[in-house]
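Just passing along the structure, written as structure tokens.
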Amino acid sequence: MTHRIEMEGGGVFDVSADEDTLLRGALRAGVGFPHDCSVGGCGSCRFDLVSGEMETLWPEAPGLSERDRRRGKRLACQSRPRGDCTIRVRPADEYRPAVPPRRREAVLLRRTPVTADMAEFVFSTLEPADFVAGQYGLFQPPGVPGVRAYSMSNLPNAAGEWRFVVRRVPGGAGSNAMFDALQIGTVVTLDGPYGHAHFRAEIDRDVVLIAGGSGIGPIVSIARGALAADPARRITVFEGARTRADLSFRTLLGDDFSDAITYLPVLSAEPEGSDWAGARGFVHAEVDRVLADRFEACEFYFAGPPPMIEALQELLIIQRTVPVSRIHYDRFF
Ligand SMILES: Cc1cc2nc3c(=O)[nH]c(=O)nc-3n(C[C@H](O)[C@H](O)[C@H](O)COP(=O)(O)OP(=O)(O)OC[C@H]3O[C@@H](n4cnc5c(N)ncnc54)[C@H](O)[C@@H]3O)c2cc1C
């Protein structure tokens, strides 16, 4: 059974009455519904309900401000239609899914430690792993309300292998359930792919990749994608981490590391007495120092915690006047 959603100003799509949120249903139908995180954090999927009934899954979701709530705004990623509805939203081509997302059963094959608090999860599906480098999937961690987004760290493949680098967040319900409640061999629902901060192979500029913490997963995927698209393309990777022991890019890329990659780790909390000879401080400051007069020649991809994303937006868009069309990022709420 489906519910019919009409968009004021033109366009209709159907949302499965089953488990789909308004956002997921729209994207499955190929509608360019504005969105970023899909998990209630960013507010990009705000819309107005004109008529009909919708259930709100997470009323306290931080993606809506108090002012939004007063004005009756809703988040499509937290709204589930209860019947046919009419909504007000402005779809845009840039949000149209590169690959239509869908649910599939995935079995957890292995979980390999990468650092003290991050592990690589490898899942397998019967169908090909169909996504673009840099996208993410949605999981329902066992026993936890809401879904969590995790970004693929490998490349699309016919064998149906999906890799994710997950950080165990202290006190975090979802990430701890991914580590503790998912046994090897467990079958889960993997919904995806989602996200538009994916690699653009057709753009011929130097590729600059910036990761903070567990943002390394999609950055490894895009580095692999850029190497596969053109092994001679100039790729610069900045990895921001607290200490040397938290770095993971070289481990994750393994034998695929190539001379085309300039790898620049930046540590924010490495003990003063250590023999670390690389950069210290925040990763955005190092990006500014290293790229100096090369900003014009680059396409930027970055992923990580919201403060890092905000610092990079300020640097790239305001200080260095990089056009927003050359900047692709995921905030890890
Ligand atoms: C696009 C994207 C890609 C990401 N990729 C990765 C990745 O590759 N690796 C990685 O380690 N992390 C990634 N994250 C972060 C990850 O999704 C989780 O936020 C992180 O694991 C912490 O989750 P937690 O449940 O442990 O922490 P918590 O603090 O318990 O929850 C964090 C998030 O869960 C959601 N949430 C919390 N409570 C509810 C609720 N009641 N109902 C609905 N939702 C709720 C919210 O989005 C919240 O920000 C990504 C996030 C986004 C948005």
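Atom set for the values below is all heavy atoms of this structure, side chains included, hydrogens, waters and symmetry mates excluded. All ligand and atom numbering here is 1-based and tracks the order in the structure.
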Please walk me through it: do V122 and E161 pass side chain to side chain contact (heavy atoms under 4.5 Å, CB included)?
CA-CA 7 Å; V122 182; E161 186 188 82; 3.8 Å; yes
Got a donor-acceptor contact below 3.5 angstrom from the R88 side chain to the G9 backbone?
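The answer is no, because no donor-acceptor pair under 3.5 Å joins these two groups.
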Say whether P218, considering both its backbone and side-chain N or O atoms, lies within less than 3.5 Å of an N or O atom on ligand 1.
no
Protein heavy atoms: any of them under 4.0 Å from atom 24 (P) of ligand 1?
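Under the 4.0 Å cut-off, atom 24 (P) of ligand 1 does have protein heavy-atom neighbours.
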Heavy-atom nearest neighbour in the protein, as seen from atom 22 (C) of ligand 1, with distance rounded to 0.1 Å
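Residue, atom and distance for the closest contact: V169 CG2, 3.8 Å.
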Please tell me whether F302 and Y329 form a close aromatic pair, meaning their ring centres lie under 6.0 Å apart.
yes
Please state whether the rings of F199 and Y301 are parallel, tilted or perpendicular, taking 30° and 60° as the class boundaries.
tilted
Looking only at protein heavy atoms, what sits closest to atom 33 (C) of ligand 1 is R148 NE, 3.9 Å
Which is closest to atom 43 (C) of ligand 1 in terms of heavy atoms, P170, S153, G146?
G146
Pick, from F332, Y329, Y150, Y136, the option with the minimum heavy-atom distance to atom 51 (C) of ligand 1.
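It is F332 that holds the nearest heavy atom.
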Identify the residue among R326, R205, R320 that makes a salt bridge (charged side-chain N to carboxylate O under 4.0 Å, His left out) with E296.
R326
Any idea which of A197, S38, C42, A149 brings a heavy atom closest to atom 14 (N) of ligand 1?
A149
So which protein heavy atom does atom 53 (C) of ligand 1 come closest to, and at what separation?
R331 O, 3.3 Å
If you take the nearest heavy atom of each of W58, F164, F179, which one is closest to atom 42 (N) of ligand 1?
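The option holding the nearest heavy atom is W58.
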Quick one: nearest non-hydrogen protein atom to atom 30 (O) of ligand 1, plus distance?
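Ranking protein heavy atoms by distance from atom 30 (O) of ligand 1, first comes A173 N, 3.2 Å.
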Please check this pair: side chain of N176 against backbone of V169, looking for a donor-acceptor N/O pair closer than 3.5 Å.
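Confirmed, N176 side chain pairs with V169 backbone.
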Please identify which of these residues, F121, F139, F131, Y136, meets the ring pair (Phe, Tyr, Trp, His ring centres under 6.0 Å) condition with F164.
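Of the listed options, the one satisfying the test is F139.
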Report yes or no: do N154 and R224 form a side-chain donor-acceptor pair below 3.5 Å?
no
Students should be able to answer this: which protein heavy-atom is nearest to atom 8 (O) of ligand 1, and at what distance?
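For this ligand atom, the closest protein heavy atom is S151 N, 3.0 Å.
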Starting from atom 11 (O) of ligand 1, which protein heavy atom do you reach first, and at what distance in Å?
R167 N, 2.9 Å
For atom 27 (O) of ligand 1, what is the nearest protein heavy atom, given as residue, atom name and distance?
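Minimum-distance protein heavy atom for atom 27 (O) of ligand 1 reads G172 CA, 3.4 Å.
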Examine the side chains of S124 and W162 and answer whether a donor and an acceptor come within less than 3.5 Å of each other.
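Checked: S124/W162 side chains show no N/O donor-acceptor pair below 3.5 Å.
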If you measure from atom 9 (N) of ligand 1 to every heavy atom of V165, D330, I219, V166, which option wins on shortest distance?
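Comparing heavy atoms across V165, D330, I219, V166, the nearest one to atom 9 (N) of ligand 1 lies in V165.
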For atom 18 (C) of ligand 1, the protein heavy atom that lies nearest, with its residue and separation
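Protein heavy atom at minimum distance: F333 O, 3.7 Å.
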Side-chain donor-acceptor pair under 3.5 Å between T115 and D117, yes or no?
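Yes - a donor-acceptor pair under 3.5 Å links their side chains.
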Near V39 (heavy-atom distance under 4.0 Å), the atoms of ligand 1 are 46 (C), 47 (O), 53 (C)
